[in-house]
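Everything numeric in this text was worked out from a predicted model, so none of it was measured.
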Amino acid sequence: MTQERLPQGNLEPKIEQWPLVEQNPDLKIAIQASVKAGTFLKNAFYSKDYEIRVNDDKSEYTPFDQQAEAIGINTIRDFEPDAVIMSEEISPNQDISGGDFWVIDGIDGTTNFSLRIPICNFTLAKAEAGKLKLGVVNDFLNGNVYYAIDGQGAYKNGEPMSTSSRPFDKCVITFAPLRDAHRGKWDKEKQAVTAVRNAMDEITDVSGRFHREFQSGALELAWVAEGKLDGYASSWTSPWDLSAGALLVREAGGIATNIYGEQWQPGYMGVIAGNQEVQPQMLSIIQKHFKE
């Protein structure tokens, strides 16, 4: 494989100038963790060949997933030694019932990363009393750090973001429809998987638009937050996957709910997100299939 050119640039000197960062120590450490992990992953992406690996549960990972998560975990623990941290590869079964916890995904978009498709990200979020308080998505290949604090807005590299105002008949939506209806632990979760998969066709027909599947959910939600995309739906969400992205959408003026239409919080009942016009129409169609 031909060696690709490593993009230049370092975001770190700008971080302290970004809104909210100096006023919120948790946010500052979250962005620092994402930048450290993102720098590592960017270099890994352009490194020598590597193979994708498969866990016992058939989920995919690369040699770099755990290393990126370890960078994030260690950065947070230097700041908050007793932090409860759930991460996809290192501590997926961490008990978060206490309500105060961090969640990390080392590489969201592992298959894309392994195939050198530049649609992937590092993401982390923090919850207090079970409620999302902050989130960061690092699009490390393009030098973009997205972040949000509950009630204080969403930003891209320090610039405020807002969702689009495009209507349903002009929208661009991405999906993550699992094909395995048995992925869920409970019957309602299995129904959610089937509902989102089946609703895709109807949403395409009703909107008259051809929608897409990129398989990097946190980044897709960040694109919804900045108005590149108009909607996103996933039938299954592990807490580390989409927590930060859902908060970005909400803080950028959009809507992010679970399949019941409740404000999204870390859980397993899907995420339906979009701008103020597109999300309700997506949700209505998906709920119809969910009830059938």
Side-chain angles (χ1 to χ4, degrees), residues 108-109 111-112 115 117-121 123 135 137 139 141-142 144 146 148 154 156 159-181 183 191-237 241-264 269-292:
D108 175 30
T111 301
N112 291 342
L115 296 174
I117 299 170
I119 303 176
C120 47
N121 69 91
T123 183
V137 175
D139 174 15
L141 294 176
N142 293 299
N144 295 318
Y146 301 86
K156 174 184 176 182
E159 296 297 323
M161 295 191 299
S162 61
T163 55
S164 74
S165 58
R166 281 186 291 273
F168 199 51
D169 62 355
K170 297 186 183 300
C171 68
V172 177
I173 298 170
T174 56
F175 289 86
L178 293 176
R179 299 299 172 185
D180 182 4
R183 177 73 176 270
Q191 291 172 26
V193 171
T194 302
V196 172
R197 185 181 67 230
N198 293 341
M200 282 182 61
D201 288 339
E202 184 173 347
I203 288 173
T204 297
D205 289 342
V206 173
S207 68
R209 302 285 292 173
F210 178 77
H211 303 300
R212 297 149 175 83
E213 184 177 355
F214 291 155
Q215 287 297 307
S216 184
L219 183 55
E220 292 167 67
L221 286 165
W223 288 346
V224 173
E226 70 171 318
K228 284 184 177 179
L229 298 176
D230 308 299
Y232 172 83
S234 175
S235 53
W236 172 272
T237 56
D241 287 326
L242 304 176
S243 294
L247 183 61
L248 284 169
V249 171
R250 198 168 74 215
E251 289 300 311
I255 305 171
T257 72
N258 62 19
I259 204 163
Y260 291 112
E262 302 163 336
Q263 180 168 286
W264 194 86
M269 285 305 296
V271 59
I272 317 301
N275 69 27
Q276 291 285 334
E277 179 171 342
V278 168
Q279 195 275 354
Q281 296 191 61
M282 292 171 58
L283 180 64
S284 176
I285 293 171
I286 291 169
Q287 283 187 323
K288 181 180 70 174
H289 286 269
F290 186 50
K291 295 173 182 176
E292 289 176 350

Distance check, rounded to the nearest 0.5 Å: [X] atom [atom1] versus [Y] atom [atom2]?
X	Y	atom1	atom2	answer
N275	C171	CG	SG	8.0 Å
L219	L229	CG	CG	8.5 Å
L141	I119	CG	CD1	10.0 Å
E226	S164	CD	OG	11.0 Å
E159	K156	CD	NZ	10.0 Å
D201	H211	CG	NE2	10.5 Å

Do you know the tightest heavy-atom contact between [X] and [Y]?
X	Y	result
T123	A244	OG1-CB, 3.3 Å
G227	R166	O-NH2, 2.6 Å
P118	N142	O-ND2, 4.4 Å
I272	A233	CD1-CB, 4.0 Å
L248	M161	CD2-CE, 4.0 Å
G135	L247	N-CD2, 3.6 Å

Distance-only, no hydrogens or angles: does the [X] side chain make a donor-acceptor pair with backbone N or O of [Y] under 3.5 Å?
X	Y	result
N112	F214	yes
N258	G261	yes
Q276	I255	no
W264	S243	no
T204	M200	yes
E277	S165	no

For [X] and [Y], does a side-chain donor sit closer than 3.5 Å to a side-chain acceptor?
X	Y	value
Q263	T257	no
Q215	E213	yes
E220	T174	yes
D169	S207	no
D108	N121	yes

**Message:** Checking I173 against V278 for the side-chain contact (heavy atoms from CB on, under 4.5 Å) test, could you report, in this order, the C-alpha distance in whole Å, the side-chain angles of both residues, the deciding distance, and whether it holds?
**Reply:** CA-CA 9 Å; I173 298 170; V278 168; 3.9 Å; yes
With a 4.5 Å cut-off on side-chain heavy atoms, are [Y] and [X] touching?
X	Y	answer
F290	Y260	yes
V271	Y232	yes
I285	Q281	no
M282	F168	yes

Pairing of E202 and K288 as salt bridge, 4.0 angstrom limit: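 Looking at K288 together with E202, the answer is yes, because their closest N to O distance falls below 4.0 Å.
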